[in-house]
K.L.:
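Take this structure first; my questions come after.
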Amino acid sequence: MKEEPSNFYEIVYKIIKSIPKGKVSSYGRIAVLAGSPRAARAVGYALNALKKDQEQEIPWQRVINSEGRISFKSDTTRATLQRKLLESEGIVFQEDDKVDWKMFGWP
DNA sequence: ATCGTGACGAACG
DNA sequence: CCGTTCGCCACGA
């Protein structure tokens with residue numbers, strides 16, 4: 001018998017860890033996979049609570065919003081870092097700063 | 001238990 | 001097209 005993680009955070013983290021390199025997913029998408037289709041905000045909340053050592057373990061950069069874009073408003077530093085990391089993995093941002101879901105979307 | 005908050009999403013004007 | 005508003009869910013105080 002295996003116990004599924006009861007905490008929403010754990011489920012979210014587990015899903016994010018399973019995102020293959022070179023692919024990206026969205027908050028809403030993660031929420032659906034976690035069993036709560038409307039909990040996109042909670043997903044973002046979970047990632048915001050990541051510790052520094054967790055950031056090394058969890059590919060948080062592969063999670064973007066439904067538009068295929070990076071959400072940050074007041075944290076351009078993180079946004080730039082995220083984009084940089086994704087580009088290092090082969091993700092291509094279009095001129096609109098958007099990612100093509102057909103090419104890099106996961107699942 | 002209730003309230004406020006947030007790395008969202010979809011709808012509206 | 002853009003900016004704004006409302007609704008959604010989970011967590012911490």
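Sequence lines set the chain letters: A, B, ... in the order given, protein chains first and strands last, and positions in each chain run from 1.
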K.L.:
Rounded to whole angstrom units, what separation is found between the CD1 atom of I15(A) and the C1' atom of dA7(B)?
P.N.:
16 Å

K.L.:
At less than 4.0 Å, is any side-chain N or O atom of S66(A) found next to OP1 or OP2 of dA10(B)? Yes or no.
P.N.:
yes

K.L.:
How many Å lie between CG on D97(A) and C1' on dC1(C), as a whole number?
P.N.:
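Atom-to-atom, D97(A) to dC1(C), this comes out as 16 Å.
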
K.L.:
Tell me, do Y27(A) and N65(A) make a side-chain contact under 4.5 Å, heavy atoms counted?
P.N.:
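Sidechains of N65(A) and Y27(A): in contact.
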
K.L.:
Passes side-chain hydrogen bond (donor to acceptor under 3.5 Å, both in side chains), Q61(A) versus E89(A)? Steps please.
P.N.:
CA-CA 10 Å; Q61(A) 70 248 41; E89(A) 298 183 353; 3.1 Å; yes

K.L.:
What is the distance, to the nearest angstrom, from the CZ atom on R69(A) to the P atom on dG9(B)?
P.N.:
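Spelled out: CZ on R69(A) to P on dG9(B) is 13 Å.
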
K.L.:
Between K52(A) (NZ) and dA7(B) (C1'), how many Å, whole number?
P.N.:
19 Å

K.L.:
Return the value, rounded to whole Å, for the distance between atom CZ of F8(A) and atom P of dG6(B).
P.N.:
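Rounded to the whole Å, the gap is 18 Å.
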
K.L.:
In whole Å, I'd like the distance from the CG atom of N7(A) to the C1' atom of dG12(C).
P.N.:
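About 14 Å, once rounded to whole Å.
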
K.L.:
Taking only heavy atoms on the protein side, list every residue of residues 31-48 of chain A lying under 4.0 Å from any atom of DNA chain C, sorted numerically.
P.N.:
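Contacts with DNA chain C under 4.0 Å: S36(A), R38(A), A39(A), R41(A), A42(A), Y45(A).
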
K.L.:
Measure CD1/I30(A) against C1'/dA10(C) and give the value in whole Å, please.
P.N.:
16 Å

K.L.:
Would you mind reading off the distance between K98(A) atom NZ and dG9(B) atom P, rounded to a whole angstrom?
P.N.:
12 Å

K.L.:
How about L50(A) and I58(A): do any of their side-chain heavy atoms sit closer than 4.5 Å?
P.N.:
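Side chain of L50(A) against side chain of I58(A), heavy atoms only: contact under 4.5 Å found.
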
K.L.:
Looking at side-chain heavy atoms only, is the closest gap between L47(A) and V63(A) below 4.5 Å?
P.N.:
yes

K.L.:
In plain terms, say whether R83(A) and E87(A) are close enough for a salt bridge, that is, a side-chain N and a carboxylate O under 4.0 Å apart.
P.N.:
yes

K.L.:
Does the pair E67(A)/K98(A) count as a salt bridge with the N-to-O cut at 4.0 Å?
P.N.:
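No.
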
